[in-house]
Number of protein chains: 2
Amino acid sequence: MPKRRLDNDFALKAQDRLRAAGLRPTRQRVGLAQLLFNGPCRHLTAEDLFAEAAAAEISVSLATVYNTLHQFVEAGLLREVLAEPGRAYFDTDVSNHHHFFHADTGMLQDIPEDAVVIAALPAAPEGARIGRVEVVIRLEKAGA
Amino acid sequence: MPKRRLDNDFALKAQDRLRAAGLRPTRQRVGLAQLLFNGPCRHLTAEDLFAEAAAAEISVSLATVYNTLHQFVEAGLLREVLAEPGRAYFDTDVSNHHHFFHADTGMLQDIPEDAVVIAALPAAPEGARIGRVEVVIRLEKAGA
DNA sequence: TTTCCTCCTTAGAATCCTTCTAAATTGTTG
DNA sequence: CAACAATTTAGAAGGATTCTAAGGAGGAAA
Ligand SMILES: [Mn+2]
Ligand SMILES: [Mn+2]
Ligand SMILES: [Zn+2]
Ligand SMILES: [Zn+2]
(Lines give C-alpha, C1' and ligand atoms only; values in the text may rest on other atoms or scores of the structure.)
(Ligands and ions follow the chains in the order given, each with its own letter.)
Protein backbone atom coordinates (compact mmCIF):
# COMPACT_ATOMS: atom_id res chain seq x y z
CA MET A 1 0.00 0.00 0.00
CA PRO A 2 1.62 3.26 -1.15
CA LYS A 3 2.13 5.91 1.50
CA ARG A 4 0.41 9.21 1.01
CA ARG A 5 2.88 11.71 -0.38
CA LEU A 6 4.04 14.31 2.09
CA ASP A 7 4.72 17.95 1.31
CA ASN A 8 8.30 17.15 1.81
CA ASP A 9 8.28 14.55 -0.95
CA PHE A 10 6.83 17.10 -3.33
CA ALA A 11 9.51 19.57 -2.40
CA LEU A 12 12.18 16.98 -3.12
CA LYS A 13 10.63 16.11 -6.42
CA ALA A 14 10.45 19.80 -7.37
CA GLN A 15 14.09 20.29 -6.41
CA ASP A 16 15.15 17.46 -8.66
CA ARG A 17 13.12 18.78 -11.51
CA LEU A 18 14.69 22.21 -11.13
CA ARG A 19 18.22 20.87 -10.90
CA ALA A 20 17.59 18.72 -13.97
CA ALA A 21 16.57 21.91 -15.78
CA GLY A 22 19.74 23.66 -14.68
CA LEU A 23 17.96 25.98 -12.26
CA ARG A 24 19.01 26.48 -8.67
CA PRO A 25 16.30 25.18 -6.39
CA THR A 26 15.66 28.34 -4.43
CA ARG A 27 12.86 28.64 -1.90
CA GLN A 28 10.78 30.63 -4.36
CA ARG A 29 11.32 28.39 -7.37
CA VAL A 30 10.60 25.26 -5.38
CA GLY A 31 7.41 26.77 -3.96
CA LEU A 32 6.18 27.90 -7.35
CA ALA A 33 7.10 24.58 -8.96
CA GLN A 34 5.02 22.76 -6.35
CA LEU A 35 2.05 24.99 -7.03
CA LEU A 36 2.44 24.54 -10.75
CA PHE A 37 3.21 20.86 -11.05
CA ASN A 38 1.38 19.12 -8.23
CA GLY A 39 -2.09 18.41 -9.46
CA PRO A 40 -3.59 18.42 -12.92
CA CYS A 41 -2.37 20.51 -15.84
CA ARG A 42 -3.86 23.95 -16.21
CA HIS A 43 -3.58 27.45 -17.63
CA LEU A 44 -2.76 30.50 -15.59
CA THR A 45 -1.43 34.01 -15.70
CA ALA A 46 1.39 35.50 -13.66
CA GLU A 47 -1.15 37.22 -11.44
CA ASP A 48 -2.98 33.94 -10.91
CA LEU A 49 0.18 32.26 -9.71
CA PHE A 50 1.12 35.22 -7.55
CA ALA A 51 -2.29 34.99 -5.85
CA GLU A 52 -1.96 31.24 -5.36
CA ALA A 53 1.44 31.72 -3.79
CA ALA A 54 0.03 34.28 -1.40
CA ALA A 55 -2.81 31.92 -0.48
CA ALA A 56 -0.32 29.12 0.11
CA GLU A 57 1.84 31.47 2.19
CA ILE A 58 4.75 31.11 -0.16
CA SER A 59 6.49 34.43 0.12
CA VAL A 60 7.54 35.59 -3.32
CA SER A 61 7.46 38.87 -5.20
CA LEU A 62 5.58 39.47 -8.41
CA ALA A 63 8.86 40.16 -10.21
CA THR A 64 10.09 36.72 -9.22
CA VAL A 65 6.87 35.13 -10.40
CA TYR A 66 7.44 36.68 -13.83
CA ASN A 67 11.11 35.73 -13.84
CA THR A 68 10.34 32.19 -12.80
CA LEU A 69 7.59 31.69 -15.35
CA HIS A 70 9.91 32.77 -18.13
CA GLN A 71 12.74 30.60 -16.85
CA PHE A 72 10.38 27.63 -16.72
CA VAL A 73 9.31 28.31 -20.29
CA GLU A 74 12.96 28.47 -21.41
CA ALA A 75 13.61 25.23 -19.58
CA GLY A 76 10.65 23.53 -21.24
CA LEU A 77 8.73 23.04 -18.01
CA LEU A 78 5.95 25.39 -19.14
CA ARG A 79 4.67 26.71 -22.38
CA GLU A 80 3.25 30.13 -23.15
CA VAL A 81 -0.09 30.27 -24.96
CA LEU A 82 -1.39 33.22 -26.93
CA ALA A 83 -5.06 33.90 -26.49
CA GLU A 84 -5.69 37.56 -25.83
CA PRO A 85 -3.58 40.55 -26.64
CA GLY A 86 -2.30 42.08 -23.45
CA ARG A 87 -2.24 39.02 -21.24
CA ALA A 88 0.15 36.08 -21.21
CA TYR A 89 -1.14 32.63 -20.29
CA PHE A 90 1.09 29.81 -19.19
CA ASP A 91 0.28 26.15 -19.69
CA THR A 92 1.57 23.47 -17.35
CA ASP A 93 1.00 20.91 -20.09
CA VAL A 94 3.95 21.13 -22.45
CA SER A 95 2.83 18.26 -24.61
CA ASN A 96 1.57 18.94 -28.10
CA HIS A 97 -2.04 20.06 -27.90
CA HIS A 98 -4.34 22.86 -28.95
CA HIS A 99 -6.84 25.20 -27.33
CA PHE A 100 -10.34 26.48 -27.30
CA PHE A 101 -10.48 30.09 -26.20
CA HIS A 102 -13.75 31.21 -24.63
CA ALA A 103 -13.87 34.82 -25.75
CA ASP A 104 -16.49 35.76 -23.18
CA THR A 105 -14.70 34.45 -20.10
CA GLY A 106 -11.08 34.55 -21.20
CA MET A 107 -10.79 30.85 -20.36
CA LEU A 108 -8.56 28.41 -22.21
CA GLN A 109 -9.63 24.80 -22.64
CA ASP A 110 -7.41 22.03 -23.88
CA ILE A 111 -8.04 20.14 -27.08
CA PRO A 112 -6.36 16.75 -27.22
CA GLU A 113 -3.68 16.55 -29.86
CA ASP A 114 -5.46 14.08 -32.10
CA ALA A 115 -8.73 16.03 -32.20
CA VAL A 116 -7.12 18.47 -34.60
CA VAL A 117 -5.70 16.91 -37.73
CA ILE A 118 -3.55 19.11 -39.89
CA ALA A 119 -3.20 17.40 -43.24
CA ALA A 120 -0.97 19.96 -44.93
CA LEU A 121 1.41 22.68 -43.84
CA PRO A 122 3.31 25.17 -45.97
CA ALA A 123 7.08 25.03 -46.11
CA ALA A 124 8.88 27.52 -43.90
CA PRO A 125 10.04 30.62 -45.78
CA GLU A 126 13.68 30.92 -46.76
CA GLY A 127 15.99 31.30 -43.78
CA ALA A 128 13.45 30.18 -41.21
CA ARG A 129 12.33 26.95 -39.63
CA ILE A 130 9.00 26.03 -38.14
CA GLY A 131 9.07 26.20 -34.37
CA ARG A 132 5.55 25.35 -33.37
CA VAL A 133 2.12 25.22 -34.92
CA GLU A 134 -0.47 26.83 -32.66
CA VAL A 135 -4.13 26.24 -33.27
CA VAL A 136 -6.58 28.32 -31.26
CA ILE A 137 -10.27 27.78 -31.80
CA ARG A 138 -12.10 30.87 -30.76
CA LEU A 139 -15.50 30.22 -29.19
CA GLU A 140 -18.55 32.40 -28.93
CA LYS A 141 -21.66 31.83 -26.92
CA ALA A 142 -24.04 29.51 -28.76
CA GLY A 143 -27.17 31.07 -30.21
CA ALA A 144 -25.73 34.38 -31.38
CA MET B 1 -8.70 53.29 -71.27
CA PRO B 2 -9.57 53.52 -67.56
CA LYS B 3 -8.91 56.84 -65.91
CA ARG B 4 -6.45 56.89 -63.05
CA ARG B 5 -8.33 56.91 -59.75
CA LEU B 6 -8.26 60.23 -57.97
CA ASP B 7 -8.02 60.70 -54.23
CA ASN B 8 -11.55 61.86 -54.35
CA ASP B 9 -12.72 58.56 -55.81
CA PHE B 10 -11.04 56.71 -52.99
CA ALA B 11 -12.72 58.95 -50.46
CA LEU B 12 -16.10 58.24 -51.99
CA LYS B 13 -15.44 54.53 -52.02
CA ALA B 14 -14.37 54.65 -48.36
CA GLN B 15 -17.49 56.59 -47.45
CA ASP B 16 -19.69 53.98 -49.04
CA ARG B 17 -17.87 51.21 -47.31
CA LEU B 18 -18.32 52.92 -43.95
CA ARG B 19 -21.99 53.65 -44.50
CA ALA B 20 -22.54 50.06 -45.55
CA ALA B 21 -20.98 49.01 -42.26
CA GLY B 22 -23.26 51.34 -40.33
CA LEU B 23 -20.49 53.78 -39.41
CA ARG B 24 -20.74 57.52 -39.92
CA PRO B 25 -18.16 58.55 -42.50
CA THR B 26 -16.33 61.10 -40.40
CA ARG B 27 -13.18 62.83 -41.60
CA GLN B 28 -11.05 60.57 -39.41
CA ARG B 29 -12.71 57.31 -40.31
CA VAL B 30 -12.60 58.08 -44.02
CA GLY B 31 -8.93 59.01 -43.81
CA LEU B 32 -8.01 55.88 -41.91
CA ALA B 33 -10.11 53.68 -44.19
CA GLN B 34 -8.24 55.05 -47.20
CA LEU B 35 -4.91 54.29 -45.59
CA LEU B 36 -6.06 50.81 -44.66
CA PHE B 37 -7.90 49.71 -47.76
CA ASN B 38 -6.19 51.38 -50.70
CA GLY B 39 -3.34 49.16 -51.70
CA PRO B 40 -2.53 45.58 -50.85
CA CYS B 41 -3.58 43.78 -47.69
CA ARG B 42 -1.25 44.02 -44.74
CA HIS B 43 -0.73 43.74 -41.02
CA LEU B 44 -0.26 46.69 -38.72
CA THR B 45 -0.52 47.91 -35.16
CA ALA B 46 -2.36 50.94 -33.88
CA GLU B 47 0.91 52.82 -33.62
CA ASP B 48 1.76 51.92 -37.20
CA LEU B 49 -1.50 53.37 -38.45
CA PHE B 50 -1.13 56.44 -36.27
CA ALA B 51 2.30 57.07 -37.82
CA GLU B 52 0.96 56.56 -41.34
CA ALA B 53 -1.81 59.01 -40.68
CA ALA B 54 0.67 61.59 -39.47
CA ALA B 55 2.81 61.02 -42.58
CA ALA B 56 -0.25 61.43 -44.78
CA GLU B 57 -1.24 64.57 -42.88
CA ILE B 58 -4.48 63.04 -41.74
CA SER B 59 -5.10 64.68 -38.42
CA VAL B 60 -6.34 62.10 -35.95
CA SER B 61 -5.62 61.28 -32.34
CA LEU B 62 -4.22 58.00 -31.10
CA ALA B 63 -7.42 57.36 -29.12
CA THR B 64 -9.41 57.63 -32.33
CA VAL B 65 -7.06 55.26 -34.10
CA TYR B 66 -7.75 52.68 -31.41
CA ASN B 67 -11.49 53.34 -31.44
CA THR B 68 -11.61 53.11 -35.21
CA LEU B 69 -9.60 49.91 -35.43
CA HIS B 70 -11.94 48.22 -32.98
CA GLN B 71 -15.02 49.52 -34.76
CA PHE B 72 -13.65 48.22 -38.03
CA VAL B 73 -13.06 44.82 -36.47
CA GLU B 74 -16.64 44.77 -35.12
CA ALA B 75 -17.88 45.71 -38.56
CA GLY B 76 -15.90 42.94 -40.23
CA LEU B 77 -13.66 45.33 -42.18
CA LEU B 78 -10.57 44.21 -40.29
CA ARG B 79 -9.53 41.25 -38.28
CA GLU B 80 -7.34 41.12 -35.21
CA VAL B 81 -4.48 38.63 -35.21
CA LEU B 82 -2.78 37.28 -32.13
CA ALA B 83 0.95 36.89 -32.43
CA GLU B 84 2.74 38.37 -29.44
CA PRO B 85 1.48 39.05 -25.98
CA GLY B 86 1.37 42.76 -25.41
CA ARG B 87 0.77 43.96 -28.94
CA ALA B 88 -2.34 43.77 -31.10
CA TYR B 89 -1.99 43.33 -34.85
CA PHE B 90 -4.72 44.15 -37.31
CA ASP B 91 -5.10 42.46 -40.66
CA THR B 92 -6.69 44.22 -43.62
CA ASP B 93 -7.36 40.83 -45.16
CA VAL B 94 -10.49 39.46 -43.55
CA SER B 95 -10.64 36.37 -45.72
CA ASN B 96 -9.87 33.00 -44.24
CA HIS B 97 -6.12 32.59 -44.02
CA HIS B 98 -3.35 31.80 -41.59
CA HIS B 99 -0.04 33.28 -40.53
CA PHE B 100 3.62 32.74 -40.08
CA PHE B 101 4.97 34.69 -37.15
CA HIS B 102 8.65 35.58 -37.32
CA ALA B 103 9.57 35.50 -33.65
CA ASP B 104 12.79 37.44 -34.19
CA THR B 105 11.31 40.41 -36.05
CA GLY B 106 7.72 40.37 -34.85
CA MET B 107 6.55 40.22 -38.46
CA LEU B 108 3.42 38.44 -39.61
CA GLN B 109 3.36 36.78 -43.01
CA ASP B 110 0.24 35.47 -44.69
CA ILE B 111 -0.25 31.83 -45.51
CA PRO B 112 -2.72 31.26 -48.32
CA GLU B 113 -5.84 29.50 -47.13
CA ASP B 114 -5.27 26.26 -49.02
CA ALA B 115 -1.68 25.81 -47.79
CA VAL B 116 -3.02 24.72 -44.43
CA VAL B 117 -5.41 21.81 -44.56
CA ILE B 118 -7.27 21.00 -41.39
CA ALA B 119 -8.73 17.55 -41.79
CA ALA B 120 -10.47 17.27 -38.43
CA LEU B 121 -11.72 19.64 -35.79
CA PRO B 122 -13.26 18.90 -32.41
CA ALA B 123 -16.88 19.78 -31.78
CA ALA B 124 -17.48 22.99 -29.86
CA PRO B 125 -18.12 22.43 -26.15
CA GLU B 126 -21.69 22.61 -24.87
CA GLY B 127 -23.13 26.12 -25.06
CA ALA B 128 -20.52 27.47 -27.42
CA ARG B 129 -20.00 27.71 -31.14
CA ILE B 130 -16.81 27.93 -33.12
CA GLY B 131 -16.08 31.48 -34.18
CA ARG B 132 -12.79 31.14 -35.99
CA VAL B 133 -9.92 28.73 -36.25
CA GLU B 134 -6.59 30.52 -35.99
CA VAL B 135 -3.42 28.81 -37.03
CA VAL B 136 -0.17 30.57 -36.28
CA ILE B 137 3.05 28.95 -37.36
CA ARG B 138 5.85 30.27 -35.22
CA LEU B 139 9.15 30.64 -37.08
CA GLU B 140 12.68 30.67 -35.76
CA LYS B 141 15.84 31.55 -37.60
CA ALA B 142 17.10 28.57 -39.57
CA GLY B 143 20.20 26.84 -38.28
CA ALA B 144 19.50 27.11 -34.56
C1' DT C 1 -29.36 76.81 -44.21
C1' DT C 2 -30.12 76.96 -39.62
C1' DT C 3 -31.17 74.37 -35.65
C1' DC C 4 -30.64 70.64 -32.63
C1' DC C 5 -29.24 66.50 -30.94
C1' DT C 6 -26.51 62.78 -31.03
C1' DC C 7 -22.42 60.66 -32.14
C1' DC C 8 -17.57 61.37 -32.48
C1' DT C 9 -13.01 63.09 -31.43
C1' DT C 10 -9.61 64.64 -28.33
C1' DA C 11 -5.69 65.53 -24.91
C1' DG C 12 -4.24 63.90 -21.20
C1' DA C 13 -4.70 61.06 -17.30
C1' DA C 14 -5.34 56.55 -15.82
C1' DT C 15 -4.97 51.55 -15.99
C1' DC C 16 -3.07 47.22 -16.81
C1' DC C 17 0.47 44.06 -17.53
C1' DT C 18 5.23 43.48 -17.69
C1' DT C 19 10.10 44.61 -17.23
C1' DC C 20 13.88 47.07 -15.16
C1' DT C 21 16.95 48.79 -11.42
C1' DA C 22 20.04 48.51 -7.90
C1' DA C 23 20.41 47.00 -3.30
C1' DA C 24 19.92 43.12 -0.09
C1' DT C 25 19.77 38.16 0.40
C1' DT C 26 20.62 33.41 -0.46
C1' DG C 27 22.67 29.15 -2.47
C1' DT C 28 26.82 26.86 -3.45
C1' DT C 29 31.50 25.72 -3.41
C1' DG C 30 35.89 25.36 -1.31
C1' DC D 1 32.57 29.57 7.75
C1' DA D 2 34.24 32.71 3.80
C1' DA D 3 33.70 34.21 -0.72
C1' DC D 4 31.28 34.79 -4.79
C1' DA D 5 27.79 34.50 -8.01
C1' DA D 6 23.07 33.85 -8.69
C1' DT D 7 18.66 35.28 -7.08
C1' DT D 8 15.18 38.04 -5.00
C1' DT D 9 13.01 42.24 -4.07
C1' DA D 10 10.38 46.79 -3.70
C1' DG D 11 9.50 50.14 -6.20
C1' DA D 12 10.09 52.74 -10.33
C1' DA D 13 9.74 52.63 -15.13
C1' DG D 14 7.86 51.19 -19.44
C1' DG D 15 4.70 50.28 -23.22
C1' DA D 16 0.22 49.41 -24.92
C1' DT D 17 -4.40 50.40 -24.41
C1' DT D 18 -8.50 52.48 -22.38
C1' DC D 19 -10.89 56.03 -19.97
C1' DT D 20 -12.62 60.82 -18.99
C1' DA D 21 -14.90 64.82 -19.70
C1' DA D 22 -15.22 68.59 -22.70
C1' DG D 23 -15.58 70.45 -27.24
C1' DG D 24 -16.58 69.53 -32.31
C1' DA D 25 -18.88 67.66 -36.35
C1' DG D 26 -22.56 64.91 -39.00
C1' DG D 27 -26.97 64.92 -40.58
C1' DA D 28 -32.14 64.92 -39.97
C1' DA D 29 -35.64 68.03 -39.68
C1' DA D 30 -37.56 72.33 -40.08
MN1 LIG E 1 6.88 36.09 -22.22
MN1 LIG F 1 -8.94 44.61 -29.25
ZN1 LIG G 1 -3.24 23.63 -22.62
ZN1 LIG H 1 -3.02 38.13 -42.77
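Order of the sequence lines sets the chain letters (A, B, ...), proteins ahead of strands, with each chain counted from 1. Computed from heavy atoms alone, side chains included, the values below leave out hydrogens, waters and symmetry copies.
- Inter-residue side-chain proximity for Val133(A) and Ile130(A) is flagged as met; some heavy-atom pair is nearer than 4.5 Å.
- When the nearest nucleotides of DNA chain D are assigned to Gln28(B) and Ala46(B) by heavy-atom distance, the more 5′-ward of the two goes with Ala46(B).
- Within the nucleic acid shown, Arg24(A) comes within 4.0 Å of at least one base atom, counting heavy atoms only.
- Residues Arg29(A) and Gln15(A) have side chains that never bring a donor and an acceptor to within less than 3.5 angstrom of each other.
- Within the 4.0 Å cut-off from OP1 or OP2 of dT18(C), not a single side-chain nitrogen or oxygen of His70(A) is found.
- Rounded to whole Å, the distance from CG on Asn67(A) to P on dT26(C) is 17 Å.
- Between dT17(D), dC17(C), dT7(D), one nucleotide has an atom nearer to the side chain of Arg29(A) than all others, and that is dT7(D).
- Of the charged side-chain nitrogens involved, at least one lies within less than 4.0 Å of a carboxylate oxygen, so that Arg42(A) and Glu52(A) count as a salt-bridged pair.
- For the pair Glu80(A) CD and dT18(C) P, the interatomic distance rounds to 9 Å; values are reported in whole Å.
- In this structure, Leu62(A) atom CG and dA13(D) atom P are separated by 17 Å, rounded to whole Å.
- Between the CG atom of Leu69(A) and the C1' atom of dC17(C) there is a distance of 13 Å, rounded to whole Å.
- The side chain of Tyr66(A) approaches dC17(C) more closely than any other nucleotide in the set dG27(D), dC17(C), dT17(D).
- Geometrically, Arg17(A) engages Phe37(A) in a cation-pi contact, judged by NZ or CZ lying under 6.0 Å from the ring centre and within 45° of the ring axis.
- Residue Thr68(A) is classed as having no contact, given no heavy-atom separation below 4.0 Å to the nucleic acid.
- Between Gln71(A) atom CD and dT8(D) atom C1' there is a gap of 11 Å when expressed in whole angstrom units.
- Here the nucleotide nearest the side chain of Arg87(A), chosen from dC16(C), dA10(D), dT17(D), is dC16(C).
- Straight-line distance from the CD1 atom of Ile58(A) to the P atom of dT7(D): 19 Å, rounded to whole Å.
- Between the CD atom of Glu84(B) and the P atom of dG15(D) there is a distance of 14 Å, given to the nearest Å.
- In terms of position along DNA chain D, the nucleotide closest to Arg27(A) lies nearer the 5' end than the nucleotide closest to the other residue of the pair Tyr89(B) and Arg27(A).
- A donor-acceptor contact under 3.5 angstrom links the side chains of His97(B) and Asp91(B), judged on distance only.
- Taking only side-chain nitrogens and oxygens, Thr26(A) comes nearer than 4.0 Å to OP1 or OP2 of dT8(D).
- Comparing dC20(C), dT9(C), dT17(D) by their nearest atom to the side chain of Thr64(B) picks out dT9(C).
- Rounded to an integer number of Å, the gap from Leu18(A) CG to dT28(C) C1' is 15 Å.
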